**Student:** 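This is the structure I want to talk about, given as structure tokens.
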Amino acid sequence: MREQLDERFPGSTLDPEVWFPWYLPHWSSRAESAATYDVRDGELHLTIPPDQPLWCSELHDEPLRVSCVQSGSAPGQQPFADGLVVREQHPPFRGYTPRYGRVEVRMRGVVDAGSMVAFWMSGIEDVPEHSGEICVAEIFGDAVRPGSAEVGMGVKAFRDPGLRQDFVAPRLDLDVARFHDYAVEWAPGSLAFRVDGAVVRTLDQAPGYPVQLMIGVFDFPARAGGREPGFVPELVVASVRGTPAVG
């Protein structure tokens, strides 16, 4: 199993041994959940063009479009409603699923009031309780101001009884459209969230099982009133680094 990651996006394609470019396809299909992306000049560009279809349109209450890459996947992960049934089976994928250590993504986003970008780490759900999430950066366009943005970070417990929900979105002095480093230092029972090297939050809890990385751009068409014609939400990722814990 891969213990560390130093992804700089060389060449013109994603590394299929690391990345799974479909967003939770078991609830819809690979065809309907495929990310729109381009790898060029050492960067991953995730976009949502105007003609990209809705994700899981018959089941998801709010219209949603997604371009997301994952470093792991398994059918049945991350149910968003009760009573869901897996529609498309595929083998479990484990590209990079760390347990403890430091993970950092260098990224920038182009968002408006109807879109968001996010980097989070979700439990692999080999059992339902292993479903907690470490959210490192969740940025909604309607919370972006010139020179600042609310950056969501913390723990989302979901079906893990050992975790408690602790998620906040402090306003930070940064330009989302420029590259910034969003990182978490993860140890047994503790998390430290950093932005551009500075500690922003610490928590005295943490998942104790492997997680998969989730990096994506989201579009909510119902919230996009007044959108500029031709606007395309985008997330640009320059690097993804994962270092195992020492000791």
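Predicted model, so just to flag it, every value in this text is computed and none were measured.
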**Student:** State, with a plain yes or no, whether a side-chain heavy atom of Val211 is found less than 4.5 Å away from one of Trp186.
**Tutor:**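 Side chain of Val211 against side chain of Trp186, heavy atoms only: contact under 4.5 Å found.
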**Student:** Is the shortest distance from a Lys or Arg side-chain nitrogen in Arg171 or Glu150 to a carboxylate oxygen in the other one below 4.0 Å?
**Tutor:** yes
**Student:** Report whether Ile134 and Val103 are members of the same hydrophobic cluster (ILVMFWY, side-chain heavy atoms less than 4.5 Å apart, transitive linking).
**Tutor:** yes
**Student:** Name the orientation class of the two ring planes belonging to His180 and Tyr182 (parallel below 30°, tilted from 30 to 60°, perpendicular beyond 60°).
**Tutor:** perpendicular
**Student:** Answer yes if Val86 and Leu24 sit in the same cluster of Ile, Leu, Val, Met, Phe, Trp and Tyr residues linked by side chain heavy atoms under 4.5 Å apart, and no otherwise.
**Tutor:**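 Yes; tracing contacts between hydrophobic side chains, which count when under 4.5 Å, links both residues.
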**Student:** Measure the CD-CH2 distance between Gln70 and Trp22 for me, rounded to the nearest 0.5 Å.
**Tutor:** 10.0 Å
**Student:** So which atom in Ser28 and which in Arg87 form the shortest heavy-atom distance, rounded to 0.1 Å?
**Tutor:**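 Minimum heavy-atom contact is O-CB, 3.7 Å.
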**Student:** More than 12 non-hydrogen atoms from neighbouring residues, nucleotides or ligands closer than 6.0 Å to CD on Gln165, yes or no?
**Tutor:**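 Buried by this count: over 12 neighbours within 6.0 Å.
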**Student:** Which value, rounded to the nearest 0.5 Å, describes the distance between Cys68 atom SG and Tyr37 atom OH?
**Tutor:**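 OH of Tyr37 is found 13.0 Å from SG of Cys68.
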**Student:** Could you see if Val217 belongs to whatever hydrophobic cluster contains Leu44? Use Ile, Leu, Val, Met, Phe, Trp, Tyr and a side-chain cutoff under 4.5 Å.
**Tutor:** yes
**Student:** Side chains of Phe218 and Leu64: does their closest heavy-atom pair fall under 4.5 Å?
**Tutor:**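 In short, these two side chains touch, coming nearer than 4.5 Å.
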**Student:** Using a strict 4.0 Å threshold on nitrogen-to-oxygen distance, state whether Asp112 and Arg223 make a salt bridge.
**Tutor:** no
**Student:** I'd like to know if the side chain of Arg99 and the backbone of Gly208 have a donor-acceptor N/O pair within less than 3.5 Å.
**Tutor:**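 Side chain of Arg99 to backbone of Gly208: a pair is present.
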**Student:** Provide the closest heavy-atom pair for Met116 versus Ala118 in the form atom of the first, atom of the second, distance.
**Tutor:**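 Closest pair (atom of Met116, atom of Ala118, distance): CE-CB, 3.6 Å.
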**Student:** For the atom pair OG (Ser73) and CZ (Phe20), what is the distance rounded to the nearest 0.5 Å?
**Tutor:** 3.5 Å
**Student:** Judged by modelled atom types alone, do Asp126 and Tyr209 share a side-chain donor-acceptor pair under 3.5 Å?
**Tutor:**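 There is no such pair between these side chains.
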**Student:** Short question: side chain of Asp196, backbone of Asp181 - any donor-acceptor pair under 3.5 Å?
**Tutor:**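 A pair under 3.5 Å: yes.
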**Student:** Please check this pair: side chain of Ser67 against backbone of Thr36, looking for a donor-acceptor N/O pair closer than 3.5 Å.
**Tutor:**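 Looks like yes, one N/O pair under 3.5 Å.
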**Student:** Between Val236 and Phe179, is there a side-chain heavy-atom distance shorter than 4.5 Å?
**Tutor:** yes
**Student:** Determine whether Phe140 and Met153 fall in the same hydrophobic cluster, where Ile, Leu, Val, Met, Phe, Trp and Tyr are linked whenever their side-chain heavy atoms lie under 4.5 Å apart.
**Tutor:**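 In one cluster with Phe140: Met153, no.
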**Student:** A quick test of your reading: do over 12 heavy atoms of other residues, nucleotides or ligands sit less than 6.0 Å from CG of Asp6?
**Tutor:** yes
**Student:** Classify the ring geometry of Tyr23 against Trp120: parallel below 30°, tilted from 30° to 60°, perpendicular beyond 60°.
**Tutor:**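 Ring orientation, 0 to 90° scale: perpendicular.
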**Student:** Is it true that the side chains of His90 and Glu88 contain a donor and an acceptor less than 3.5 Å apart?
**Tutor:** no
**Student:** Using side-chain contact (heavy atoms from CB on, under 4.5 Å), reason through Met107 and Glu43 one step at a time and then give a plain yes or no.
**Tutor:** CA-CA 9 Å; Met107 66 185 193; Glu43 296 174 346; over 6 Å; no
**Student:** Quick one, Arg241 and Arg8 - any side-chain contact, counting heavy atoms below 4.5 Å?
**Tutor:** yes
**Student:** Report, as yes or no, whether the 6.0 Å neighbourhood of atom CD on Glu58 holds more than 12 heavy atoms from other residues, nucleotides or ligands.
**Tutor:**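 Counting other residues, nucleotides and ligands, CD of Glu58 exceeds 12 neighbours.
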**Student:** Does Glu17 reach the side chain of Arg2, with side-chain heavy atoms less than 4.5 Å apart?
**Tutor:**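 Yes, side chains in contact.
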**Student:** One pair to check against side-chain contact (heavy atoms from CB on, under 4.5 Å): Glu185 and Arg102. What are the steps and the verdict?
**Tutor:** CA-CA 4 Å; Glu185 294 171 348; Arg102 177 188 173 97; 2.7 Å; yes
**Student:** Mind listing the closest non-hydrogen atom pair of Ala187 and Ala206 along with its distance?
**Tutor:** O-CB, 3.7 Å
**Student:** Membership question, hydrophobic clusters at under 4.5 Å side-chain separation (ILVMFWY): are Phe158 and Val184 in the same one?
**Tutor:** no
**Student:** Answer with yes or no after comparing the ring centroid distance for Phe80 and Trp55 against a 6.0 Å cut-off, counting only values under it.
**Tutor:** yes
**Student:** Do Gln77 and Ser122 have a side chain donor and acceptor closer than 3.5 Å?
**Tutor:** no
**Student:** Give the intermediate values and the outcome of side-chain contact (heavy atoms from CB on, under 4.5 Å) for residues Glu7 and Tyr96.
**Tutor:** CA-CA 11 Å; Glu7 177 64 88; Tyr96 173 63; over 6 Å; no
**Student:** Any donor-acceptor pair under 3.5 Å linking the side chain of Arg164 with the backbone of Pro161?
**Tutor:** no
**Student:** Just verifying a value: how many Å separate Arg159 CZ and Gln78 CD, rounded to the nearest 0.5 Å?
**Tutor:**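 Answer for the CZ-CD pair, Arg159 versus Gln78, is 9.5 Å.
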**Student:** Any heavy-atom pair between the side chains of Val110 and Val232 that's under 4.5 Å?
**Tutor:**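 No; the side chains remain at least 4.5 Å from each other.
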**Student:** Side-chain contact test, heavy atoms from C-beta onward, threshold under 4.5 Å: evaluate it for Val66 versus His60 and give yes or no.
**Tutor:**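 Heavy-atom side-chain distance check fails, nothing below 4.5 Å.
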**Student:** Where do Cys135 and Phe167 come nearest, in terms of heavy atoms and distance?
**Tutor:**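 Taking Cys135 first and Phe167 second, the nearest heavy atoms are SG-CE1, 3.6 Å.
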**Student:** For Gly109 and Val117, work out which heavy atoms get closest and say how close.
**Tutor:** CA-CG1, 4.3 Å
**Student:** Could you check whether Arg194 pairs with Glu104 (Lys NZ or Arg NE/NH1/NH2 to Asp/Glu carboxylate O, under 4.0 Å)?
**Tutor:**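 Judged by the 4.0 Å cut-off on N to carboxylate O distance, Arg194 and Glu104 do not form a salt bridge.
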**Student:** Which atom pair, heavy atoms only, marks the closest approach of Ile139 to Ala149?
**Tutor:** CG2-CB, 4.3 Å
**Student:** If you apply the rule side-chain contact (heavy atoms from CB on, under 4.5 Å), what do you find for Gln205 with Leu163, and how did you get there?
**Tutor:** CA-CA 7 Å; Gln205 62 166 334; Leu163 296 175; 3.6 Å; yes
**Student:** If I take atom CG from residue Leu84 and atom CG from residue Leu59, how far apart are they, to the nearest 0.5 angstrom?
**Tutor:** 6.0 Å
**Student:** How about Val136 and Val105: do any of their side-chain heavy atoms sit closer than 4.5 Å?
**Tutor:** no
**Student:** Would you call Lys156 and Glu138 a salt bridge, taking side-chain N to carboxylate O under 4.0 Å as the test?
**Tutor:** yes
**Student:** In Å and rounded to the nearest 0.5 Å, what is the CZ to OG1 distance from Arg65 to Thr47?
**Tutor:** 10.0 Å
